[in-house]
Amino acid sequence: MTRIKEAIVVEGRYDKNTLSQVVDAPIVTLEGFSVFNDKEKLRFLRRLAQERGLIILTDSDGAGFVIRNYLKGSLPREQVKQAYIPDVDGKERRKRAPGKEGKLGVEGMRPEVLLEALRRCGATFLDGEEAAAVSREPVTKGDLFAWGLSGGAGSAEKRRALLRQLDLPAHLTANGLLEALNLLYSREDLETLLCHDKE
């Protein structure tokens, strides 16, 4: 599986499913147009762009470009790369009928087409050595429990305090927190931070 340094932004979960079979990279879904009203998601994307760079990979239809243009105007250009899939007529297997414009989206693209789109936009492909440096032991649900951030008395309050401290969206669920922590921090950084708080 090809490893990529940047986080990749896609429209929905089916796009994420397809892409996650092709590349090993953080993939963030926008849930379509809901990103327009989600200030916290936008803040999170800015943070990701700053920490590791972002690649925007939306469908090639009109809706995809509306979302792409909104993000272009909302995120720092120098930290964002634009990946484009070709216009291909057709419909995704799970759909009864093609989309409004009759084009395949990210979800319907072949793996080699997606890889080529990422290559063309200047994605940072990691070889074995670099990948080992970026690869780190992930934070798990068990860690959140052990650190008192889920499943225990006062865990919701501890989670809110950590979110404030790390400047992450206040409404992140335990699962959302887990994803954000794995994208932005190493396990060692978090252990140090949480142990320091207890002193």
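By convention here, the first residue in the shown sequence is residue 1.
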OG1 of Thr2 to CG of Leu118, rounded to nearest 0.5 Å, is 9.0 Å

Sorted by chain and number, sequence neighbours left out, side-chain contact (heavy atoms from CB on, under 4.5 Å) with Pro86 holds for Val88, Met109, Val113

Do the non-hydrogen side-chain atoms of Leu193 and Leu166 ever get within less than 4.5 Å of each other?
yes

Shortest non-hydrogen contact between Ser150 and Lys141, atoms and distance:
OG-O, 4.2 Å

I need the single residue from Val9, Ile8, Val106 that forms a side-chain contact (heavy atoms from CB on, under 4.5 Å) with Asp15. Which is it?
Val106

Same apolar cluster: Phe145 and Leu162, side chain cutoff 4.5 Å:
no

Sidechain N-carboxylate O distance under 4.0 Å for Asp61, Lys103:
no

Option among Lys5, Arg3, Glu6 that satisfies the side chain to side chain donor-acceptor pair (under 3.5 Å) test with Thr124:
Glu6

Could you tell me if Arg119 sits above the aromatic ring of Phe125, with its cationic atom closer than 6.0 Å to the ring centre and no more than 45 degrees from the axis?
yes

Residues two or more places apart in sequence or in another chain: which of them pass ring-ring contact (aromatic ring centres under 6.0 Å, His included) with Phe33?
Phe36

Any chance you could lay out the side-chain contact (heavy atoms from CB on, under 4.5 Å) test for Leu71 and Gln82, step after step, and finish with the verdict?
CA-CA 10 Å; Leu71 292 176; Gln82 303 287 335; over 6 Å; no

Test of understanding: clusters of I, L, V, M, F, W, Y form through side-chain heavy atoms closer than 4.5 Å, transitively. Do Ile56 and Tyr84 belong to the same one?
no

Would you say Pro111 and Gln21 make side-chain contact, with heavy atoms under 4.5 Å?
no

Approximate separation, where rounding is to 0.5 Å, of Asp38 CG and Leu30 CG
9.5 Å

Arg13 and Thr29: side-chain donor and acceptor closer than 3.5 Å?
no

Closest non-hydrogen contact found for Ala123 with Ile55 is CB-CD1, 3.5 Å

Does any part of the side chain of Asp24, heavy atoms only, come nearer than 4.5 Å to the side chain of Ile4, both counted from C-beta?
no

Is there a chain of hydrophobic side chains (I, L, V, M, F, W, Y, each step under 4.5 Å between heavy atoms) that links Ile85 to Tyr14?
no

side-chain contact (heavy atoms from CB on, under 4.5 Å) assessment of Val28 paired with Lys41:
CA-CA 10 Å; Val28 180; Lys41 174 72 80 123; 4.2 Å; yes

Can you find a heavy atom in the side chain of Asp87 that is under 4.5 Å from one in the side chain of Glu101?
no

Separation between OG of Ser155 and CG of Leu149, rounded to the nearest 0.5 Å
7.5 Å

Heavy-atom count check: over 12 atoms from other residues, nucleotides or ligands less than 6.0 Å from Lys95 NZ?
yes

For the CH2 atom of Trp147 and the CD atom of Glu191, what is their distance to the nearest 0.5 Å?
5.0 Å

How long is the gap from CD1 on Ile67 to CG on Asp59, to the nearest 0.5 Å?
8.0 Å

I'd like to know whether Leu57 forms a side-chain contact (heavy atoms from CB on, under 4.5 Å) with Leu114, so could you lay out the CA-CA distance, the side-chain angles of the two residues, the decisive distance to 0.1 Å, and finally the verdict.
CA-CA 9 Å; Leu57 179 63; Leu114 291 171; 4.2 Å; yes

Looking at Glu157 and Arg164, is there a salt bridge between them, counting it only when a charged N and a carboxylate O are closer than 4.0 Å?
yes

Residue pair Leu19 / Val10, side-chain heavy-atom distance below 4.5 Å
yes

We want to know whether Asp189 and Thr192 form a side-chain donor-acceptor pair, criterion being a heavy-atom distance below 3.5 angstrom.
no

Flag the pair Arg187 and Asp143 as a salt bridge only when some basic side-chain nitrogen lies within less than 4.0 angstrom of an acidic carboxylate oxygen.
yes

Is the shortest distance from a Lys or Arg side-chain nitrogen in Arg94 or Glu107 to a carboxylate oxygen in the other one below 4.0 Å?
yes

Can Arg68 be said to sit on top of Phe65's aromatic six-ring, NZ or CZ under 6.0 Å from centre and within 45° of the ring axis?
yes

Please round to the nearest 0.5 Å and tell me the distance separating atom CZ of Arg110 and atom CG of Leu104.
10.0 Å

